[in-house]
Amino acid sequence: MLASAPLKPTETSMSVRVRFAPSNTGRLHLGNVRTALFNYLFARNQGGTFILRIEDTDRARSRDEYTEAITDALEWLGMTPDEGPIFQTDRMDRYREAVDRLIDEGHAYRCYATPEELEAEREKAIAEGRKPKYSGKWRDRTDHPEDQPYTVRIKMPQEGQITIDDMVQGEVTVDVEELDDFIIMRSDGTPTYNFVVVVDDAAMEISHVIRGDDHLNNTFRQVPVYRALGHEPPRFAHLPLIDGLSKRGGSASIQDYREQGYLSEALVNYLSRLGWSHGDQELFSHDELVEYFGFDSVGRSPSNFDRDKLDWVNSEWMKKLPASELAECWIPFLERKGFDVEHDEQLVAIVNLMRDRAKTLVELTEESSYFFSADFDYDQKAVDKWMSADLKPAIEALIEGLEEIDDWNSDAIGTLYRAVGDEYDLGLAKLAQPTRISLTGSTSSPSVFSLVATFDRDEVIRRLHAGTELL
RNA sequence: GUCCCCUUCGUCUAGCCUGGUCCAGGACACUGGCCUUUCACGCCAGCGACACGGGUUCGAAUCCCGUAGGGGACGCCA
(Lines give C-alpha, C1' and ligand atoms only; values in the text may rest on other atoms or scores of the structure.)
Protein backbone atom coordinates (compact mmCIF):
# COMPACT_ATOMS: atom_id res chain seq x y z
CA MET A 1 0.00 0.00 0.00
CA LEU A 2 1.25 3.40 -0.96
CA ALA A 3 2.04 6.03 1.57
CA SER A 4 -0.78 8.47 1.79
CA ALA A 5 -0.43 11.61 -0.26
CA PRO A 6 0.71 14.77 1.50
CA LEU A 7 -2.16 16.36 3.28
CA LYS A 8 -3.73 19.17 1.38
CA PRO A 9 -4.76 22.23 3.30
CA THR A 10 -7.56 20.89 5.43
CA GLU A 11 -11.13 21.44 4.45
CA THR A 12 -11.75 23.22 7.69
CA SER A 13 -8.99 25.72 7.24
CA MET A 14 -10.40 26.63 3.83
CA SER A 15 -14.00 26.32 4.74
CA VAL A 16 -16.51 29.01 4.10
CA ARG A 17 -17.86 30.77 7.15
CA VAL A 18 -20.34 33.57 6.73
CA ARG A 19 -22.37 35.58 9.17
CA PHE A 20 -25.57 37.52 9.15
CA ALA A 21 -25.20 40.34 11.67
CA PRO A 22 -28.35 42.38 12.24
CA SER A 23 -28.76 44.71 15.18
CA ASN A 24 -31.61 43.87 17.51
CA THR A 25 -33.08 47.33 17.35
CA GLY A 26 -36.05 46.28 15.25
CA ARG A 27 -37.58 43.48 13.28
CA LEU A 28 -36.15 42.14 10.06
CA HIS A 29 -37.33 43.89 6.92
CA LEU A 30 -37.08 42.49 3.43
CA GLY A 31 -33.69 44.05 2.78
CA ASN A 32 -32.22 42.36 5.85
CA VAL A 33 -33.82 39.10 4.92
CA ARG A 34 -32.33 39.17 1.48
CA THR A 35 -28.88 39.79 2.94
CA ALA A 36 -29.43 36.85 5.29
CA LEU A 37 -30.62 34.75 2.38
CA PHE A 38 -27.58 35.44 0.22
CA ASN A 39 -25.33 34.58 3.14
CA TYR A 40 -27.27 31.42 3.78
CA LEU A 41 -27.33 30.33 0.14
CA PHE A 42 -23.65 30.98 -0.31
CA ALA A 43 -22.83 28.98 2.82
CA ARG A 44 -25.00 26.05 1.72
CA ASN A 45 -23.74 26.18 -1.83
CA GLN A 46 -20.16 26.03 -0.59
CA GLY A 47 -20.79 23.52 2.16
CA GLY A 48 -19.93 26.23 4.67
CA THR A 49 -21.25 27.52 7.96
CA PHE A 50 -23.95 30.14 8.44
CA ILE A 51 -23.65 32.13 11.66
CA LEU A 52 -26.00 34.59 13.33
CA ARG A 53 -24.46 37.42 15.29
CA ILE A 54 -26.52 40.04 17.03
CA GLU A 55 -25.03 43.50 17.04
CA ASP A 56 -26.40 44.66 20.33
CA THR A 57 -23.88 47.28 21.35
CA ASP A 58 -26.47 50.03 21.00
CA ARG A 59 -27.69 49.61 24.53
CA ALA A 60 -30.32 52.30 24.30
CA ARG A 61 -32.21 50.65 21.45
CA SER A 62 -31.41 46.94 21.66
CA ARG A 63 -34.29 44.74 22.81
CA ASP A 64 -34.54 41.04 23.55
CA GLU A 65 -37.91 40.79 21.87
CA TYR A 66 -36.29 41.82 18.61
CA THR A 67 -33.66 39.14 18.99
CA GLU A 68 -36.46 36.66 19.29
CA ALA A 69 -38.27 38.10 16.29
CA ILE A 70 -35.09 37.71 14.27
CA THR A 71 -34.45 34.09 15.17
CA ASP A 72 -38.13 33.24 14.68
CA ALA A 73 -38.13 34.83 11.26
CA LEU A 74 -35.00 33.00 10.15
CA GLU A 75 -36.42 29.73 11.32
CA TRP A 76 -39.73 30.30 9.54
CA LEU A 77 -37.85 31.09 6.34
CA GLY A 78 -35.84 27.89 6.61
CA MET A 79 -32.55 29.63 7.32
CA THR A 80 -31.81 28.49 10.83
CA PRO A 81 -28.21 29.43 11.61
CA ASP A 82 -25.57 26.76 12.19
CA GLU A 83 -24.01 28.81 14.97
CA GLY A 84 -25.24 31.56 17.20
CA PRO A 85 -26.82 33.79 18.05
CA ILE A 86 -23.64 35.35 19.30
CA PHE A 87 -24.02 38.60 21.19
CA GLN A 88 -21.47 41.33 21.06
CA THR A 89 -22.27 42.51 24.56
CA ASP A 90 -20.94 39.14 25.75
CA ARG A 91 -17.61 39.95 24.22
CA MET A 92 -16.76 43.32 25.68
CA ASP A 93 -13.64 42.03 27.41
CA ARG A 94 -12.23 40.88 24.12
CA TYR A 95 -12.74 44.26 22.53
CA ARG A 96 -11.03 46.02 25.40
CA GLU A 97 -8.10 43.62 25.22
CA ALA A 98 -7.81 44.24 21.52
CA VAL A 99 -7.83 47.99 22.06
CA ASP A 100 -5.12 47.75 24.68
CA ARG A 101 -3.01 45.60 22.44
CA LEU A 102 -3.33 47.99 19.54
CA ILE A 103 -2.26 50.88 21.75
CA ASP A 104 0.71 48.90 23.06
CA GLU A 105 1.78 47.98 19.58
CA GLY A 106 1.44 51.54 18.38
CA HIS A 107 -1.49 50.92 16.02
CA ALA A 108 -3.88 53.02 18.07
CA TYR A 109 -3.67 56.02 20.35
CA ARG A 110 -5.56 58.08 22.87
CA CYS A 111 -7.31 61.20 21.67
CA TYR A 112 -8.34 63.91 24.11
CA ALA A 113 -10.24 66.08 21.68
CA THR A 114 -13.71 66.95 22.97
CA PRO A 115 -16.91 66.39 21.00
CA GLU A 116 -17.42 70.16 20.84
CA GLU A 117 -13.95 70.66 19.46
CA LEU A 118 -14.49 68.00 16.80
CA GLU A 119 -17.87 69.36 15.86
CA ALA A 120 -16.39 72.80 15.33
CA GLU A 121 -13.67 71.38 13.10
CA ARG A 122 -16.22 69.43 11.13
CA GLU A 123 -18.37 72.48 10.52
CA LYS A 124 -15.38 74.52 9.51
CA ALA A 125 -14.28 71.87 7.01
CA ILE A 126 -17.71 71.71 5.43
CA ALA A 127 -17.93 75.49 5.28
CA GLU A 128 -14.62 75.56 3.47
CA GLY A 129 -15.71 72.80 1.13
CA ARG A 130 -13.30 70.24 2.51
CA LYS A 131 -14.06 66.71 3.52
CA PRO A 132 -14.93 66.54 7.23
CA LYS A 133 -12.10 64.54 8.65
CA TYR A 134 -10.29 64.21 11.96
CA SER A 135 -6.97 65.97 11.84
CA GLY A 136 -4.94 63.34 13.67
CA LYS A 137 -3.79 65.96 16.14
CA TRP A 138 -3.27 63.45 18.98
CA ARG A 139 -1.72 60.80 16.81
CA ASP A 140 1.82 61.50 17.90
CA ARG A 141 1.36 63.43 21.11
CA THR A 142 2.58 62.00 24.37
CA ASP A 143 1.64 64.89 26.67
CA HIS A 144 -1.52 63.13 27.79
CA PRO A 145 -3.49 65.11 30.36
CA GLU A 146 -4.36 63.40 33.64
CA ASP A 147 -7.97 62.64 34.55
CA GLN A 148 -9.35 63.72 31.23
CA PRO A 149 -11.78 61.55 29.25
CA TYR A 150 -10.32 60.24 26.05
CA THR A 151 -11.26 58.13 23.08
CA VAL A 152 -9.04 55.65 21.30
CA ARG A 153 -8.39 56.07 17.61
CA ILE A 154 -6.89 53.68 15.11
CA LYS A 155 -3.95 54.80 13.00
CA MET A 156 -4.88 54.69 9.33
CA PRO A 157 -2.15 54.41 6.74
CA GLN A 158 -1.00 57.88 5.76
CA GLU A 159 -0.31 57.36 2.13
CA GLY A 160 -1.22 55.05 -0.66
CA GLN A 161 -4.45 53.41 -1.63
CA ILE A 162 -6.61 50.58 -0.44
CA THR A 163 -8.10 48.22 -2.98
CA ILE A 164 -10.62 45.55 -2.29
CA ASP A 165 -11.61 42.88 -4.77
CA ASP A 166 -15.30 42.68 -4.06
CA MET A 167 -17.19 39.62 -5.27
CA VAL A 168 -20.04 41.80 -6.44
CA GLN A 169 -18.58 45.23 -7.09
CA GLY A 170 -15.25 44.12 -8.53
CA GLU A 171 -12.09 46.03 -7.70
CA VAL A 172 -12.73 49.24 -5.82
CA THR A 173 -9.93 51.54 -4.82
CA VAL A 174 -9.91 54.44 -2.39
CA ASP A 175 -7.08 56.80 -1.62
CA VAL A 176 -6.21 56.77 2.09
CA GLU A 177 -6.50 60.57 1.90
CA GLU A 178 -10.22 59.95 2.23
CA LEU A 179 -9.84 58.13 5.50
CA ASP A 180 -9.18 59.47 8.96
CA ASP A 181 -8.14 57.97 12.26
CA PHE A 182 -11.57 56.90 13.42
CA ILE A 183 -12.63 56.18 16.97
CA ILE A 184 -12.49 52.54 18.00
CA MET A 185 -13.32 53.13 21.67
CA ARG A 186 -15.60 55.79 23.06
CA SER A 187 -14.78 57.86 26.07
CA ASP A 188 -17.16 55.67 28.12
CA GLY A 189 -14.98 52.68 27.31
CA THR A 190 -17.33 51.01 24.82
CA PRO A 191 -15.99 50.00 21.42
CA THR A 192 -17.48 51.27 18.16
CA TYR A 193 -19.08 49.38 15.32
CA ASN A 194 -16.30 49.58 12.75
CA PHE A 195 -13.97 48.09 15.28
CA VAL A 196 -16.03 45.34 16.87
CA VAL A 197 -17.13 44.12 13.48
CA VAL A 198 -13.54 43.47 12.55
CA VAL A 199 -12.58 41.95 15.90
CA ASP A 200 -15.56 39.61 15.71
CA ASP A 201 -15.22 38.67 12.07
CA ALA A 202 -11.55 37.92 12.64
CA ALA A 203 -12.18 35.96 15.85
CA MET A 204 -15.02 33.99 14.29
CA GLU A 205 -12.85 33.26 11.26
CA ILE A 206 -15.39 34.68 8.87
CA SER A 207 -14.17 33.93 5.37
CA HIS A 208 -16.66 36.00 3.39
CA VAL A 209 -18.38 39.15 4.54
CA ILE A 210 -21.65 39.50 2.65
CA ARG A 211 -23.62 42.64 3.46
CA GLY A 212 -25.42 45.64 2.02
CA ASP A 213 -23.38 48.01 -0.08
CA ASP A 214 -24.05 50.81 2.38
CA HIS A 215 -21.04 49.22 4.10
CA LEU A 216 -18.75 49.44 1.10
CA ASN A 217 -17.13 52.66 2.33
CA ASN A 218 -16.72 51.22 5.81
CA THR A 219 -14.72 48.42 4.33
CA PHE A 220 -11.84 50.73 3.56
CA ARG A 221 -11.69 51.69 7.23
CA GLN A 222 -11.95 48.09 8.33
CA VAL A 223 -9.20 46.64 6.18
CA PRO A 224 -6.41 48.45 8.07
CA VAL A 225 -7.94 47.25 11.33
CA TYR A 226 -7.64 43.63 10.19
CA ARG A 227 -4.02 44.28 9.37
CA ALA A 228 -3.33 46.01 12.69
CA LEU A 229 -4.89 43.05 14.43
CA GLY A 230 -2.60 40.73 12.49
CA HIS A 231 -5.27 39.19 10.27
CA GLU A 232 -5.75 39.01 6.55
CA PRO A 233 -9.07 40.63 5.57
CA PRO A 234 -11.76 38.21 4.37
CA ARG A 235 -13.39 38.33 0.95
CA PHE A 236 -16.19 40.87 0.65
CA ALA A 237 -19.46 40.89 -1.24
CA HIS A 238 -21.43 44.13 -1.11
CA LEU A 239 -24.98 43.74 -2.27
CA PRO A 240 -26.88 46.61 -3.81
CA LEU A 241 -29.71 47.82 -1.62
CA ILE A 242 -33.37 47.38 -2.39
CA ASP A 243 -35.28 50.58 -3.10
CA GLY A 244 -38.93 51.15 -2.45
CA LEU A 245 -39.26 49.26 0.79
CA SER A 246 -41.36 50.39 3.73
CA LYS A 247 -44.18 51.74 1.64
CA ARG A 248 -47.76 50.67 2.27
CA GLY A 249 -48.26 51.90 5.77
CA GLY A 250 -44.87 50.81 7.00
CA SER A 251 -45.83 47.14 7.05
CA ALA A 252 -42.33 46.19 6.18
CA SER A 253 -41.26 43.54 8.65
CA ILE A 254 -41.05 39.96 7.53
CA GLN A 255 -43.65 39.03 10.14
CA ASP A 256 -46.05 41.45 8.51
CA TYR A 257 -45.68 39.66 5.21
CA ARG A 258 -46.30 36.37 6.93
CA GLU A 259 -49.52 37.73 8.38
CA GLN A 260 -50.54 39.04 5.00
CA GLY A 261 -50.62 35.46 3.81
CA TYR A 262 -47.33 35.04 2.01
CA LEU A 263 -45.60 31.67 2.13
CA SER A 264 -42.01 31.46 3.28
CA GLU A 265 -41.09 29.58 0.10
CA ALA A 266 -42.50 32.42 -1.98
CA LEU A 267 -40.79 35.15 -0.01
CA VAL A 268 -37.48 33.34 -0.29
CA ASN A 269 -38.02 32.70 -3.99
CA TYR A 270 -39.00 36.30 -4.66
CA LEU A 271 -36.15 37.80 -2.66
CA SER A 272 -33.60 35.54 -4.28
CA ARG A 273 -34.47 37.04 -7.64
CA LEU A 274 -33.89 40.59 -6.47
CA GLY A 275 -30.35 41.11 -7.63
CA TRP A 276 -29.64 37.54 -8.58
CA SER A 277 -30.73 35.50 -11.57
CA HIS A 278 -30.26 32.15 -13.20
CA GLY A 279 -31.03 32.56 -16.88
CA ASP A 280 -34.75 32.96 -17.46
CA GLN A 281 -35.85 30.86 -14.52
CA GLU A 282 -38.29 32.54 -12.15
CA LEU A 283 -39.38 29.80 -9.78
CA PHE A 284 -36.85 28.04 -7.58
CA SER A 285 -37.14 25.44 -4.90
CA HIS A 286 -34.93 25.71 -1.86
CA ASP A 287 -32.60 23.05 -3.24
CA GLU A 288 -32.34 24.70 -6.62
CA LEU A 289 -31.48 27.99 -4.99
CA VAL A 290 -28.70 26.33 -3.03
CA GLU A 291 -27.42 24.55 -6.10
CA TYR A 292 -27.44 27.53 -8.47
CA PHE A 293 -26.54 30.44 -6.23
CA GLY A 294 -23.30 32.26 -6.85
CA PHE A 295 -21.93 35.79 -6.83
CA ASP A 296 -21.10 35.63 -10.53
CA SER A 297 -24.80 36.08 -11.12
CA VAL A 298 -25.42 38.84 -8.59
CA GLY A 299 -26.02 42.23 -10.19
CA ARG A 300 -24.54 45.53 -9.16
CA SER A 301 -27.54 47.76 -9.58
CA PRO A 302 -30.18 48.34 -6.93
CA SER A 303 -33.60 46.82 -7.39
CA ASN A 304 -37.13 47.72 -6.43
CA PHE A 305 -39.57 45.77 -4.39
CA ASP A 306 -42.62 44.92 -6.49
CA ARG A 307 -45.68 43.64 -4.68
CA ASP A 308 -47.35 42.42 -7.88
CA LYS A 309 -44.48 40.12 -8.67
CA LEU A 310 -44.38 38.85 -5.09
CA ASP A 311 -48.11 38.12 -5.38
CA TRP A 312 -47.50 36.14 -8.52
CA VAL A 313 -44.64 34.13 -7.03
CA ASN A 314 -46.80 33.45 -4.00
CA SER A 315 -49.71 32.29 -6.13
CA GLU A 316 -47.38 29.92 -7.93
CA TRP A 317 -46.27 28.45 -4.61
CA MET A 318 -49.88 28.14 -3.51
CA LYS A 319 -50.42 25.89 -6.52
CA LYS A 320 -47.20 24.00 -6.10
CA LEU A 321 -47.05 23.09 -2.42
CA PRO A 322 -48.43 19.73 -1.25
CA ALA A 323 -52.07 20.35 -0.29
CA SER A 324 -51.64 19.08 3.21
CA GLU A 325 -48.70 21.41 3.80
CA LEU A 326 -50.65 24.37 2.47
CA ALA A 327 -53.56 23.45 4.72
CA GLU A 328 -51.22 23.49 7.71
CA CYS A 329 -50.05 26.98 6.85
CA TRP A 330 -53.62 28.08 6.26
CA ILE A 331 -55.20 26.96 9.53
CA PRO A 332 -53.99 29.93 11.61
CA PHE A 333 -55.65 32.29 9.14
CA LEU A 334 -58.95 30.45 9.44
CA GLU A 335 -58.75 30.38 13.20
CA ARG A 336 -58.09 34.07 13.29
CA LYS A 337 -61.39 34.52 11.44
CA GLY A 338 -63.09 32.54 14.17
CA PHE A 339 -63.59 29.41 12.10
CA ASP A 340 -63.24 26.19 13.98
CA VAL A 341 -61.29 23.94 11.66
CA GLU A 342 -59.43 20.68 11.75
CA HIS A 343 -56.75 19.40 9.46
CA ASP A 344 -58.89 16.71 7.88
CA GLU A 345 -59.75 15.35 4.46
CA GLN A 346 -62.37 17.97 3.85
CA LEU A 347 -60.00 20.83 4.58
CA VAL A 348 -57.49 19.39 2.16
CA ALA A 349 -60.28 19.04 -0.42
CA ILE A 350 -61.13 22.72 0.05
CA VAL A 351 -57.48 23.62 -0.40
CA ASN A 352 -57.30 21.69 -3.63
CA LEU A 353 -60.50 23.23 -4.89
CA MET A 354 -59.61 26.84 -4.01
CA ARG A 355 -55.83 27.13 -4.03
CA ASP A 356 -55.36 28.40 -7.57
CA ARG A 357 -57.99 31.08 -7.13
CA ALA A 358 -56.06 33.04 -4.49
CA LYS A 359 -52.74 34.82 -4.44
CA THR A 360 -52.29 34.76 -0.67
CA LEU A 361 -53.55 32.81 2.31
CA VAL A 362 -55.57 35.86 3.28
CA GLU A 363 -57.29 35.83 -0.09
CA LEU A 364 -57.79 32.11 0.19
CA THR A 365 -59.54 32.65 3.50
CA GLU A 366 -61.82 35.30 2.06
CA GLU A 367 -62.62 33.28 -1.04
CA SER A 368 -63.36 30.17 0.97
CA SER A 369 -65.24 31.56 3.94
CA TYR A 370 -68.60 30.14 2.76
CA PHE A 371 -67.27 26.66 3.41
CA PHE A 372 -66.92 27.46 7.07
CA SER A 373 -69.94 29.60 7.69
CA ALA A 374 -73.44 29.89 6.18
CA ASP A 375 -73.62 33.39 7.51
CA PHE A 376 -73.19 35.28 4.27
CA ASP A 377 -75.24 37.79 2.29
CA TYR A 378 -76.71 36.84 -1.05
CA ASP A 379 -75.58 38.91 -4.00
CA GLN A 380 -78.89 40.63 -4.79
CA LYS A 381 -78.11 41.23 -8.45
CA ALA A 382 -77.32 37.56 -8.91
CA VAL A 383 -80.52 36.57 -7.12
CA ASP A 384 -82.58 38.84 -9.37
CA LYS A 385 -80.99 37.41 -12.46
CA TRP A 386 -80.98 33.70 -11.71
CA MET A 387 -83.48 32.84 -8.99
CA SER A 388 -86.74 32.75 -10.90
CA ALA A 389 -89.80 31.12 -9.43
CA ASP A 390 -90.34 28.72 -12.33
CA LEU A 391 -87.16 26.93 -11.31
CA LYS A 392 -88.70 25.68 -8.13
CA PRO A 393 -89.77 22.20 -9.36
CA ALA A 394 -86.37 21.57 -10.88
CA ILE A 395 -84.51 22.61 -7.72
CA GLU A 396 -86.73 20.41 -5.64
CA ALA A 397 -86.00 17.51 -7.95
CA LEU A 398 -82.34 18.30 -7.55
CA ILE A 399 -82.57 18.20 -3.79
CA GLU A 400 -84.38 14.91 -3.96
CA GLY A 401 -81.78 13.50 -6.28
CA LEU A 402 -78.91 14.68 -4.10
CA GLU A 403 -80.44 12.97 -1.10
CA GLU A 404 -80.34 9.69 -2.98
CA ILE A 405 -76.88 9.76 -4.52
CA ASP A 406 -74.84 6.74 -3.43
CA ASP A 407 -71.33 8.02 -4.02
CA TRP A 408 -71.00 11.63 -2.99
CA ASN A 409 -68.60 12.81 -5.66
CA SER A 410 -68.51 15.36 -8.45
CA ASP A 411 -69.11 12.85 -11.23
CA ALA A 412 -72.27 11.50 -9.69
CA ILE A 413 -73.44 15.01 -8.90
CA GLY A 414 -72.74 16.08 -12.48
CA THR A 415 -74.75 13.19 -13.82
CA LEU A 416 -77.67 14.16 -11.62
CA TYR A 417 -77.56 17.80 -12.71
CA ARG A 418 -77.58 16.83 -16.37
CA ALA A 419 -80.46 14.42 -15.86
CA VAL A 420 -82.54 17.02 -14.05
CA GLY A 421 -81.62 19.58 -16.71
CA ASP A 422 -82.87 17.26 -19.43
CA GLU A 423 -86.02 16.42 -17.56
CA TYR A 424 -87.01 20.06 -17.10
CA ASP A 425 -85.49 21.17 -20.40
CA LEU A 426 -83.14 23.59 -18.71
CA GLY A 427 -79.58 24.58 -19.66
CA LEU A 428 -76.94 23.75 -17.12
CA ALA A 429 -76.51 27.40 -16.12
CA LYS A 430 -80.14 27.53 -15.00
CA LEU A 431 -79.34 24.97 -12.32
CA ALA A 432 -75.72 25.78 -11.69
CA GLN A 433 -76.14 29.46 -10.92
CA PRO A 434 -78.93 29.06 -8.38
CA THR A 435 -76.86 26.33 -6.74
CA ARG A 436 -73.87 28.62 -6.48
CA ILE A 437 -75.97 31.40 -5.05
CA SER A 438 -77.50 29.08 -2.49
CA LEU A 439 -74.18 27.62 -1.41
CA THR A 440 -71.91 30.65 -1.59
CA GLY A 441 -74.08 33.74 -1.92
CA SER A 442 -72.68 34.66 -5.30
CA THR A 443 -72.22 33.27 -8.79
CA SER A 444 -68.48 33.07 -8.72
CA SER A 445 -67.17 29.76 -7.52
CA PRO A 446 -65.37 26.68 -8.75
CA SER A 447 -67.13 24.11 -10.90
CA VAL A 448 -70.55 23.50 -9.29
CA PHE A 449 -70.17 19.76 -9.23
CA SER A 450 -66.90 19.94 -7.36
CA LEU A 451 -68.29 22.68 -5.19
CA VAL A 452 -71.26 20.60 -4.15
CA ALA A 453 -69.10 17.53 -3.66
CA THR A 454 -66.75 19.39 -1.34
CA PHE A 455 -69.56 20.29 1.08
CA ASP A 456 -71.20 17.81 3.40
CA ARG A 457 -74.37 16.53 1.82
CA ASP A 458 -76.57 17.74 4.67
CA GLU A 459 -75.16 21.23 4.41
CA VAL A 460 -75.82 21.33 0.66
CA ILE A 461 -79.41 20.33 1.15
CA ARG A 462 -79.86 22.81 3.95
CA ARG A 463 -78.54 25.67 1.87
CA LEU A 464 -80.49 24.62 -1.19
CA HIS A 465 -83.65 24.70 0.85
CA ALA A 466 -82.76 28.10 2.20
CA GLY A 467 -82.11 29.18 -1.36
CA THR A 468 -85.54 28.18 -2.58
CA GLU A 469 -86.93 30.85 -0.30
CA LEU A 470 -85.42 33.35 -2.72
CA LEU A 471 -87.27 31.95 -5.72
C1' G B 1 -19.21 69.84 -0.54
C1' U B 2 -15.85 65.32 -0.97
C1' C B 3 -15.44 60.14 -1.98
C1' C B 4 -17.65 55.41 -3.60
C1' C B 5 -21.35 52.70 -6.39
C1' C B 6 -25.19 52.35 -10.06
C1' U B 7 -28.03 53.39 -15.09
C1' U B 8 -31.49 47.46 -20.70
C1' C B 9 -39.32 47.46 -21.34
C1' G B 10 -43.56 50.72 -15.65
C1' U B 11 -41.01 46.60 -12.40
C1' C B 12 -37.51 42.10 -11.83
C1' U B 13 -33.96 40.66 -15.26
C1' A B 14 -30.99 37.84 -19.80
C1' G B 15 -27.31 39.62 -23.04
C1' C B 16 -22.07 43.07 -21.67
C1' C B 17 -16.09 40.18 -19.38
C1' U B 18 -14.85 36.87 -24.73
C1' G B 19 -17.90 43.45 -30.00
C1' G B 20 -21.49 40.97 -35.32
C1' U B 21 -26.10 35.13 -34.23
C1' C B 22 -29.98 41.43 -30.53
C1' C B 23 -34.25 46.17 -35.68
C1' A B 24 -32.40 43.19 -27.74
C1' G B 25 -34.81 37.43 -24.95
C1' G B 26 -37.79 35.88 -20.46
C1' A B 27 -41.02 37.13 -16.20
C1' C B 28 -44.64 40.39 -13.44
C1' A B 29 -48.21 44.08 -14.49
C1' C B 30 -51.40 45.94 -18.44
C1' U B 31 -54.56 45.14 -23.14
C1' G B 32 -57.07 41.73 -26.50
C1' G B 33 -58.55 36.71 -27.77
C1' C B 34 -59.39 31.45 -26.65
C1' C B 35 -61.19 27.87 -22.99
C1' U B 36 -65.90 27.74 -19.97
C1' U B 37 -72.14 26.19 -16.18
C1' U B 38 -70.10 31.59 -13.27
C1' C B 39 -65.47 33.62 -11.36
C1' A B 40 -60.70 32.40 -11.37
C1' C B 41 -56.76 29.22 -13.35
C1' G B 42 -54.62 27.99 -17.98
C1' C B 43 -53.27 28.93 -23.15
C1' C B 44 -52.26 32.44 -27.28
C1' A B 45 -51.29 37.32 -28.99
C1' G B 46 -50.13 42.51 -28.26
C1' C B 47 -47.93 46.83 -25.87
C1' G B 48 -43.15 48.08 -24.09
C1' A B 49 -36.23 49.32 -22.91
C1' C B 50 -30.13 49.49 -24.37
C1' A B 51 -30.12 57.47 -19.79
C1' C B 52 -27.59 61.24 -23.06
C1' G B 53 -23.23 62.91 -25.97
C1' G B 54 -18.66 61.92 -28.16
C1' G B 55 -14.94 58.35 -29.64
C1' U B 56 -12.66 53.37 -31.25
C1' U B 57 -14.33 49.84 -35.13
C1' C B 58 -16.35 47.49 -41.41
C1' G B 59 -19.72 46.82 -37.17
C1' A B 60 -21.31 48.71 -30.09
C1' A B 61 -26.44 47.33 -25.51
C1' U B 62 -21.53 45.23 -25.44
C1' C B 63 -14.81 48.68 -25.44
C1' C B 64 -12.96 54.08 -24.06
C1' C B 65 -14.01 59.27 -22.49
C1' G B 66 -17.44 62.83 -20.86
C1' U B 67 -22.39 64.65 -19.16
C1' A B 68 -26.87 63.98 -16.66
C1' G B 69 -29.79 61.35 -13.16
C1' G B 70 -30.21 57.96 -8.88
C1' G B 71 -28.22 55.61 -4.44
C1' G B 72 -24.63 55.23 -0.53
C1' A B 73 -20.80 56.95 2.79
C1' C B 74 -18.39 60.92 5.29
C1' G B 75 -20.88 60.16 13.90
C1' C B 76 -17.85 59.11 20.76
C1' C B 77 -25.19 55.00 15.32
C1' A B 78 -25.06 50.18 13.72
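Letters A, B, ... mirror the listed sequences (proteins, then strands); counts begin at 1.
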Requested in this report: Look at the side-chain N and O atoms of A:Arg300 and state whether any lies under 4.0 Å from the OP1 or OP2 oxygen of B:rC6.
Outcome: yes
Requested in this report: Could you tell me whether the phosphate oxygens of B:rA27, OP1 or OP2, come under 4.0 Å of any side-chain nitrogen or oxygen in A:Arg273?
Outcome: no
Query raised in the report: Looking across every strand, which nucleic acid part, if any, lies under 4.0 Å from A:Pro132 by heavy atom: base, sugar-phosphate, or nothing?
Result: base
Query raised in the report: Counting just side-chain N and O atoms, does A:Ser444 come under 4.0 Å of either OP1 or OP2 of B:rA40?
Result: no
**Report entry** Atom pair distance, as rounded to whole Å: CZ in A:Arg34 and C1' in B:rU13
**Finding:** 13 Å
Requested in this report: Rounded to whole angstrom, note down the P distance from B:rU62 over to B:rG15.
Outcome: 15 Å
Query raised in the report: Between B:rU38 and B:rC28, how far is it from one P atom to the other, in whole Å?
Result: 25 Å
Query raised in the report: Closest heavy-atom contact between A:Gln169 and A:Arg300?
Result: O-NH1, 3.0 Å
Query raised in the report: According to a strict under-4.0 Å criterion, is A:Lys319 in side-chain N/O contact with OP1 or OP2 of B:rG42?
Result: yes
Report summary line: When both distances are under 3.5 Å in a Watson-Crick or G-U wobble arrangement, the nucleotide paired with B:rG42 is B:rC34
Report task. Report the distance from atom CZ of A:Phe236 to atom P of B:rC5, rounded to the nearest whole Å. Result -> 16 Å
Query raised in the report: Roughly how far apart, to the nearest Å, are B:rC30 and B:rA51 at atom C1'?
Result: 24 Å
Report task. Between A:Trp386 and A:Ala21, name the one whose nearest nucleotide on RNA chain B is closer to the 5' end. Result -> A:Trp386
Query - Atom-to-atom span, CZ of A:Arg221 to C1' of B:rC77 - whole angstrom - result: 13 Å
Query - Nearest-nucleotide pick for A:Asn304, side chain only, options being B:rU11, B:rA27, B:rC4 - result: B:rU11
Query raised in the report: When the C1' atoms of B:rG59 and B:rA45 are considered, how many whole Å apart are they?
Result: 34 Å
Query raised in the report: Can you check whether A:Gln88's main-chain N or O pairs, donor with acceptor, with A:Arg53's side chain at less than 3.5 Å?
Result: no
Requested in this report: Please say whether more than 12 non-hydrogen atoms of neighbouring residues, nucleotides or ligands are located less than 6.0 Å from CD in A:Gln380.
Outcome: yes
Query raised in the report: What's the CG-P distance between A:Asp306 and B:rC30, to the nearest Å?
Result: 11 Å
Query raised in the report: Between A:Thr57 and B:rA78, is there a side-chain N or O to OP1/OP2 distance below 4.0 Å?
Result: yes
Query raised in the report: According to the Watson-Crick and G-U wobble definitions, with both distances under 3.5 Å, which nucleotide is paired to B:rA73?
Result: B:rU2
Report task. Taking atom C1' in both B:rC12 and B:rU7, compute the distance separating them and give it to the nearest angstrom. Result -> 15 Å
Report task. Calculate the interatomic distance between A:Met387 atom CE and B:rU37 atom P; express it in whole Å. Result -> 20 Å
Report task. Take A:Tyr193 and A:Glu55 through the test side chain to side chain contact (heavy atoms under 4.5 Å, CB included) and record every step on the way to the result. Result -> CA-CA 9 Å; A:Tyr193 170 78; A:Glu55 316 242 312; 3.0 Å; yes
